[in-house]
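None of the values given here were measured: they were computed from a predicted structure. Note that the numbering runs from 1 along the sequence shown for the chain.
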Amino acid sequence: VQLQASGGGLVQAGGSLRLSCAASGRSFGSMGWFRQAPGKGREFVATIRWSDSSTYYADSVKGRFTISRDNAENTVYLQMSSLKPEDTAVYYCAARPSAVLHTTRQSYNYWGQGTEVTVSS
């Protein structure tokens, strides 16, 4: 099983980035994005159910970030808009066999390697 995250980079405040997470090795019921800022714990960002694209977001990103999935590519995306300096973090994608949407780190069985996002003011 492999989750390959990509798409991070440096962007100015107010800008946009799209992160990708390509999954291989097995199918999943749901996938999510988490982030970890320097000196802080890993926090939930967004999650999506693979079967019907139901989604759930952290309050801090609601209305600015959009999670989506591409069945054909077996890839989950995180479109980030109106970025703020406080969005600066390493972003991780995660997956779990269950289709029940979860926001806790412990609920996810598989993790990607992380991609760094830096938002300058």
Exercise. For the pair Arg96 (side chain) and Ser107 (backbone), establish whether a donor and an acceptor sit closer than 3.5 Å, ignoring hydrogens and angles.
Key: yes
Practice problem: Return yes when atom NZ of Lys62 has more than 12 non-hydrogen atoms of other residues, nucleotides or ligands closer than 6.0 Å, and no otherwise. | Solution: yes
Self-check item: Backbone N/O of Cys93 and side chain of Tyr108: donor-acceptor pair under 3.5 Å
Solution: no
Quiz prompt | Any pair counted as salt bridge (Lys or Arg N to Asp or Glu O under 4.0 Å), so long as it reaches residues 68-83, sequence neighbours left out | solution = none
Quiz item: Are Trp50 and Ile67 in one and the same hydrophobic cluster, where Ile, Leu, Val, Met, Phe, Trp and Tyr link if side-chain heavy atoms are under 4.5 Å apart?
Solution: yes
Quiz item: Can you tell me how far the CH2 atom of Trp33 sits from the CG atom of Leu78, to the nearest 0.5 Å?
Solution: 6.0 Å
Show me the donor-acceptor pairs, under 3.5 Å and distance only, between side chains in residues 6-31 and residues at least two apart or in other chains.
| unit_1 | atom_1 | unit_2 | atom_2 | d |
| --- | --- | --- | --- | --- |
| Ser30 | OG | Ser98 | O | 2.8 |

Quiz prompt | Pairs touching residues 77-88 that satisfy salt bridge (Lys or Arg N to Asp or Glu O under 4.0 Å), sequence neighbours left out | solution = Arg35-Asp87, Arg64-Asp87
Quiz item: Does the cation-pi check pass for Arg42 over Tyr92, that is, NZ or CZ under 6.0 Å from the six-membered ring centre and within 45° of its axis?
Solution: yes
Quiz item: Do Phe34 and Val119 belong to the same hydrophobic cluster, where Ile, Leu, Val, Met, Phe, Trp and Tyr are linked whenever their side-chain heavy atoms lie under 4.5 Å apart, directly or via other members?
Solution: no
Quiz item: Under a 4.5 Å side-chain heavy-atom rule over Ile, Leu, Val, Met, Phe, Trp and Tyr, are Tyr110 and Tyr91 clustered together?
Solution: yes
Self-check item: Under 3.5 Å: donor-acceptor pair, side chain of Gln4, backbone of Gly112
Solution: no
Quiz item: Out of curiosity, Tyr57 OH to Thr47 OG1, how far, rounded to the nearest 0.5 Å?
Solution: 10.0 Å
Quiz item: What's the shortest heavy-atom distance between Leu101 and Ser54, and which atoms?
Solution: CD1-O, 3.9 Å
Self-check item: Linked, directly or transitively: Phe44 and Phe65 (ILVMFWY side chains, under 4.5 Å)
Solution: no
Quiz item: Considering residues, nucleotides and ligands other than Tyr56, do more than 12 of their heavy atoms fall under 6.0 Å from its OH?
Solution: no
